[in-house]
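A quick write-up on the structure given underneath.
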Amino acid sequence: MLMIPGPTPVPEKVLLAMAQRPIGHRSGDFSKIIAEINEGLKWLHQSTNEVLSLTVSGTGAMEAGIINFLSPGDHVLVGVNGKFGDRWAQISETFGLNTTRITAEWGQPLDTEEFRSYLEADSNKEIKAVIVTHSETSTGVLNDLETINKYVKAHGEALIIVDAVTSLGAYNVPIDDWGLDVVASGSQKGYMIPPGLGFICVSDKAWKAYETAKFPRFYMDLGKYKKANLKASSPFTPPVNLMYGLRVSLQMMQRESLESIFSRHQRLTNATRAAVKALGLKLFAADDCASTAVTAVDPSPISAEDIRKIMSSKYNIALAGGQDHLKGKIFRIGHLGFVSDRDILAGIACLEATLMELGHDVKPKAGVKAAAALV
Ligand SMILES: *Cc1c(COP(=O)(O)O)cnc(C)c1O
């Protein structure tokens, strides 16, 4: 049982859809599948912009989001309060962008005021992009994208480039309403399908920037993907079977509705957090900036790795560990995608049993009781 923030559980219906013979990707039948998927992706992104599908992991979509819209030496502001914000900064630096890191301690949200002051001071409009990780998966912190984006809009010039890998499909990200320019995501997170596809949703303003952007690009030249999208085609061979699965997972999501998907993720988050507290463990992110995809837990003085080991060996539940300097210090519970109330109750019950086995003083049924009250 996967309780990590990606890859996430895949419904049987999706697995069965993928267990078919691949067909030719240039056939009329496949073109129909692409057309249906493209409509579904626009629905999921709450956008009339084209959503482009690339055969890459999420990081590939992030890199495409940089190289297609910026040029060497451009000044960018990058929010860094965890592993994935740091990844954005590393990509920017690798390509020679003039990168200003706006940092916050891991576990804390980005300070929106810092973005405001940089943007307001930039009267020559040299800042070309503000790059933000919405849900910082390494710490379970949801950054205040809406507020940061308001300052970007007041600036007028800069693009807002977003990693929505663990917020899309778990939290309301109204791309057109907010006017987000470039939004990257990946298949193994909220999409309920295996890893292998990266997605990128691009605004008209970003397409204007694309025309003058100067990084070399070939496979990840998004212009090729846009052109193909408009003909319900793809520039290169897509992962045909993964697309069979995506078609079904998008149908499932549409049947559930965005509103229900978001409220389910919120409910699972609330239940998980209440249970963690009731079990006497510390939540790594505060209530007012909690990601609805993943909950990070600081179990000290109990060892996070001991907890993960027992959860895995005895109950066959995979929890994620900490990354970089948080390795061994925290564990992370994923509740993203194809996750139900039952899954959370089962996971919490096993966590409770694990803590008892480790000699932690747990009030009987405290975790399950707290979670059950909220599902
Ligand atoms: C998973 C994830 C990514 C992408 O990682 P890949 O391994 O390249 O798919 C990017 N950002 C966040 C916030 C993530 O959770």
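For ligands, and for the atoms within them, numbers begin at 1 and follow the listed sequence.
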Open item on the list: Just to be sure I'm reading this right: ignoring hydrogens, which of D163, I4, T59, T133 gets closest to atom 12 (C) of ligand 1? Compare them by their nearest heavy atoms.
Closed with: D163

Task: Donor-acceptor under 3.5 Å (S249 side chain, Y191 main chain) - done: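 Between the backbone of Y191 and the side chain of S249 there is a qualifying donor-acceptor contact (under 3.5 Å).
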
Shortest protein contact, [atom] (heavy atom only):
atom: atom 3 (C) of ligand 1; value: F84 CE2, 3.5 Å
atom: atom 13 (C) of ligand 1; value: T137 OG1, 3.0 Å
atom: atom 6 (P) of ligand 1; value: S57 OG, 3.4 Å
atom: atom 2 (C) of ligand 1; value: K189 NZ, 2.6 Å

Task: Within-shell test, R87 vs ligand 1, heavy atom, strictly < 4.0 Å - done: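 For ligand 1, residue contact (heavy atoms, under 4.0 Å) with R87 is present.
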
- [ ] Mark the output for A293 as yes if a heavy-atom distance to ligand 1 is under 4.0 Å, and as no if none is.
- [x]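 It does not, in that no heavy atom of A293 comes within the 4.0 Å cut-off of ligand 1.
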
Open item on the list: At under 4.0 Å between heavy atoms, is it the side chain or the backbone of E136 that contacts ligand 1, or both, or neither?
Closed with: neither

Task: Proximity of P5 to ligand 1 by residue part, where a heavy atom lies under 4.0 Å - done: neither

TODO: Please could you name the atoms of ligand 1 that T166 approaches to less than 4.0 Å, counting only its heavy atoms?
DONE: 15 (O)

Open item on the list: When you measure from the centre of the six-membered ring of F218, is the NZ or CZ of K224 closer than 6.0 Å and no more than 45° off the axis?
Closed with: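 Output yes; distance and angle both within limits.
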
TODO: Indicate, with yes or no, if the rings of Y219 and F236 have centres closer together than 6.0 Å.
DONE: yes

Open item on the list: Under 3.5 Å between any N/O of G58 and any N/O of ligand 1: does that happen in this structure?
Closed with: yes

Open item on the list: Heavy-atom count check: over 12 atoms from other residues, nucleotides or ligands less than 6.0 Å from K153 NZ?
Closed with: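 More than 12 heavy atoms, drawn from other residues, nucleotides or ligands, come within 6.0 Å of this atom.
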
TODO: Run the salt-bridge test on R247 and E36 with the 4.0 Å N-O cut-off and return the result as yes or no.
DONE: yes

Open item on the list: Can you confirm whether the side chains of N49 and S203 place a donor and an acceptor under 3.5 Å from each other?
Closed with: no

Task: Donor-acceptor pair between S27 and D29 side chains, under 3.5 angstrom - done: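 Distance-only check fails for S27 and D29.
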
